[in-house]
**Student:** 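Following this message is one structure expressed as structure tokens.
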Amino acid sequence: MHNSFGISIIPDNDAFRLNALKKLQILDSGPELFFDNLVQIVARCFDMPVALISLVDKERVFFKSNVGMSDVRNVSRGISICSLAILSKEPTIIPDALQQPCLLSNPLVAGEYGLRFYAGAPIITEDGYVVGTVCVLDKKPRAFSSEDQELLTLFSKSVMKGLAERVKTITEPAFS
């Protein structure tokens, strides 16, 4: 995997984190109304052109749901800013990507897409593993208040609750 950041994007606990992600049985799953509706609400709530529920796999970032990225379902882990965001259990806020040295050669920032703003709240499992983010993006610099961060964090907790409920539904035996 090519890493465009010039800094490590692999957390020390990555093998355990990836195992926690695998247990969620969400990667490569199709559209689901709960997650699609939630990401629509996130985009509207923050008035952002792009909102994503992203899950960081070994070599890629899978978008469970997205607004504003058309039919894009995966991007390389080495270019997705979500790969940086999973390094912390706190929200990652980048008001202007051009002010971040590690992003200057990132193709999403320096290239045709022109990403400038990123805010991502980590999706944290019960065991404490950060498996992805709920994030919003824009092509212009933006401010993001502490209240906005708290609200985005609530959305990420709702996503984790939905993921946990989904796993229960998949793994519970059906009544006959």
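We number each residue from 1, following the sequence as shown. The structure presented is a predicted model; accordingly, all values stated were derived computationally and were not measured.
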**Student:** Ignoring hydrogens, what is the shortest heavy-atom contact between K64 and E32? Give both atom names and the distance.
**Tutor:**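 Minimum heavy-atom separation between K64 and E32: NZ-OE2, 2.7 Å.
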**Student:** Take D14 and R77 through the test salt bridge (charged side-chain N to carboxylate O under 4.0 Å, His left out) and record every step on the way to the result.
**Tutor:** CA-CA 13 Å; D14 206 47; R77 184 174 178 179; 3.0 Å; yes
**Student:** Roughly how far, to the nearest 0.5 Å, is OG1 of T169 from CD of Q25?
**Tutor:**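 It comes to 11.0 Å.
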**Student:** Is any side-chain heavy atom of K22 less than 4.5 Å from a side-chain heavy atom of L27?
**Tutor:**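 When only atoms from C-beta onward are counted, L27 and K22 do not touch, as no gap falls below 4.5 Å.
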**Student:** Is it true that I7 and L115 fall in one hydrophobic cluster, defined by side-chain heavy atoms closer than 4.5 Å?
**Tutor:**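 Same cluster.
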**Student:** Do Y129 and I124 come close enough that some side-chain heavy atom pair is under 4.5 Å?
**Tutor:**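 No, their side chains stay 4.5 Å or more apart.
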**Student:** So do I86 and V131 actually touch side chain to side chain, heavy atoms under 4.5 Å?
**Tutor:**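 Not touching, per the 4.5 Å side-chain cut-off.
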**Student:** Going through the checks in order, is the side chain to side chain contact (heavy atoms under 4.5 Å, CB included) test met by R116 and R142?
**Tutor:** CA-CA 8 Å; R116 293 297 175 265; R142 296 181 71 140; over 6 Å; no
**Student:** Compare all side-chain heavy atoms of V56 with those of R17 and state whether any distance is below 4.5 angstrom.
**Tutor:**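 Heavy-atom side-chain distance check passes, below 4.5 Å.
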**Student:** Grab the two heavy atoms, one from A119 and one from I93, that are nearest each other, plus how far apart they are.
**Tutor:**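 Nearest pair, atom of A119 first, then I93: CB-CD1, 3.6 Å.
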**Student:** How long is the span from the CG atom in N74 to the CG atom in D57, to the nearest 0.5 Å?
**Tutor:**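 Those atoms lie 8.5 Å apart.
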**Student:** Could you give the distance from CD1 (I123) to CE (M160), rounded to the nearest 0.5 Å?
**Tutor:**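 I123 atom CD1 to M160 atom CE measures 8.0 Å (nearest 0.5 Å).
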**Student:** Any idea which heavy atoms bring R166 and L24 closest together, and the distance?
**Tutor:**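 Minimum heavy-atom separation between R166 and L24: NH1-O, 3.6 Å.
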**Student:** Determine all donor-acceptor pairs shorter than 3.5 Å in which one atom belongs to a side chain in residues 100-108; sequence neighbours excluded.
**Tutor:**
residue: S105; atom: OG; partner: S4; partner atom: O; Å: 3.2
residue: N106; atom: OD1; partner: L108; partner atom: N; Å: 2.8
residue: N106; atom: OD1; partner: V109; partner atom: N; Å: 3.4
residue: N106; atom: ND2; partner: S4; partner atom: OG; Å: 3.0
residue: N106; atom: ND2; partner: I79; partner atom: O; Å: 2.8

**Student:** With no hydrogens and no angle check, is any side-chain donor or acceptor of N19 less than 3.5 Å from a backbone partner on F16?
**Tutor:**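 A pair under 3.5 Å: no.
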**Student:** Within the 4.5 Å heavy-atom criterion, are V39 and F63 side-chain neighbours or not?
**Tutor:**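 No, every pair of side-chain atoms sits at 4.5 Å or beyond.
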**Student:** With a distance cut-off below 6.0 Å to the six-membered ring centre and an angular limit of 45° from the axis, does K140 pair with F117 as a cation-pi contact?
**Tutor:**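 Geometry flag: not set, cation outside 6.0 Å or 45°.
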**Student:** Is any side-chain N of the basic residue among D28 and R60 closer than 4.0 Å to the acidic one's carboxylate O?
**Tutor:**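 Between R60 and D28 there is a salt bridge, with a charged N closer than 4.0 Å to a carboxylate O.
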**Student:** Is any side-chain heavy atom of V130 closer than 4.5 Å to one of P11?
**Tutor:**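 Counting from C-beta outward, P11 and V130 never come under 4.5 Å.
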**Student:** To the nearest 0.5 Å, how far apart are CG in L55 and CG in L21?
**Tutor:**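 Atom-to-atom, L55:CG and L21:CG are 6.0 Å apart.
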**Student:** Would you give the length of the straight line joining atom CD of E150 to atom CZ of F155, rounded to the nearest 0.5 angstrom?
**Tutor:**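 CZ of F155 is found 13.0 Å from CD of E150.
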**Student:** Quick check: closest heavy atoms across S83 and F5, and the distance to 0.1 Å?
**Tutor:**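 Scanning both residues completely, I find the closest heavy atoms to be CB-CE1, 4.5 Å.
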**Student:** Go through L84 and T92 one step at a time and tell me if the side chain to side chain contact (heavy atoms under 4.5 Å, CB included) criterion holds.
**Tutor:** CA-CA 8 Å; L84 291 175; T92 297; 5.5 Å; no
**Student:** Is N66 reaching over with its side chain to a backbone N or O of M69, donor-acceptor style, under 3.5 angstrom?
**Tutor:**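 Yes; judged by distance alone, with no hydrogens or angles, the pair exists.
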**Student:** Closest approach of C82 and V61, non-hydrogen atoms and distance?
**Tutor:**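 Answer, listing the atom of C82 first, then V61: CB-CG1, 4.4 Å.
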**Student:** Is any side-chain heavy atom of T133 closer than 4.5 Å to a side-chain heavy atom of Y118?
**Tutor:**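 Result yes, sub-4.5 Å side-chain heavy-atom pair found.
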**Student:** Mind jotting down which residue pairs meet the side chain to side chain donor-acceptor pair (under 3.5 Å) criterion with at least one end in residues 33-50? Sequence neighbours excluded, please.
**Tutor:**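 The answer is D36-S65.
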**Student:** Under the 3.5 angstrom rule, does the side chain of T153 hit a backbone N or O of Q149 as a donor-acceptor pair?
**Tutor:**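 Yes.
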**Student:** Report yes or no: does S156 contribute a side-chain atom to a donor-acceptor pair with the main-chain N or O of P122 at less than 3.5 Å?
**Tutor:**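 Yes, S156 side chain to P122 backbone: donor-acceptor pair under 3.5 Å.
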**Student:** Check whether any side-chain N or O of K89 sits under 3.5 Å from a backbone N or O of G128 as a donor-acceptor pair, and report yes or no.
**Tutor:**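 A pair under 3.5 Å: yes.
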**Student:** Rounded to the nearest 0.5 Å, how far does CG of L137 lie from CZ of F46?
**Tutor:**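 CG of L137 is found 12.5 Å from CZ of F46.
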**Student:** Going by heavy atoms in the side chains, are V67 and V50 under 4.5 Å from each other?
**Tutor:**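 No, side chains not in contact.
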**Student:** Which pair of non-hydrogen atoms, one from L163 and one from F35, has the smallest distance, and what is that distance?
**Tutor:**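 Shortest heavy-atom separation between L163 and F35 comes out as CD2-CZ, 3.7 Å.
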**Student:** Less than 4.0 Å between a side-chain N and a carboxylate O, is that true for K23 and D127?
**Tutor:**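 Between K23 and D127 there is no salt bridge, as every charged N stays at least 4.0 Å from the carboxylate O atoms.
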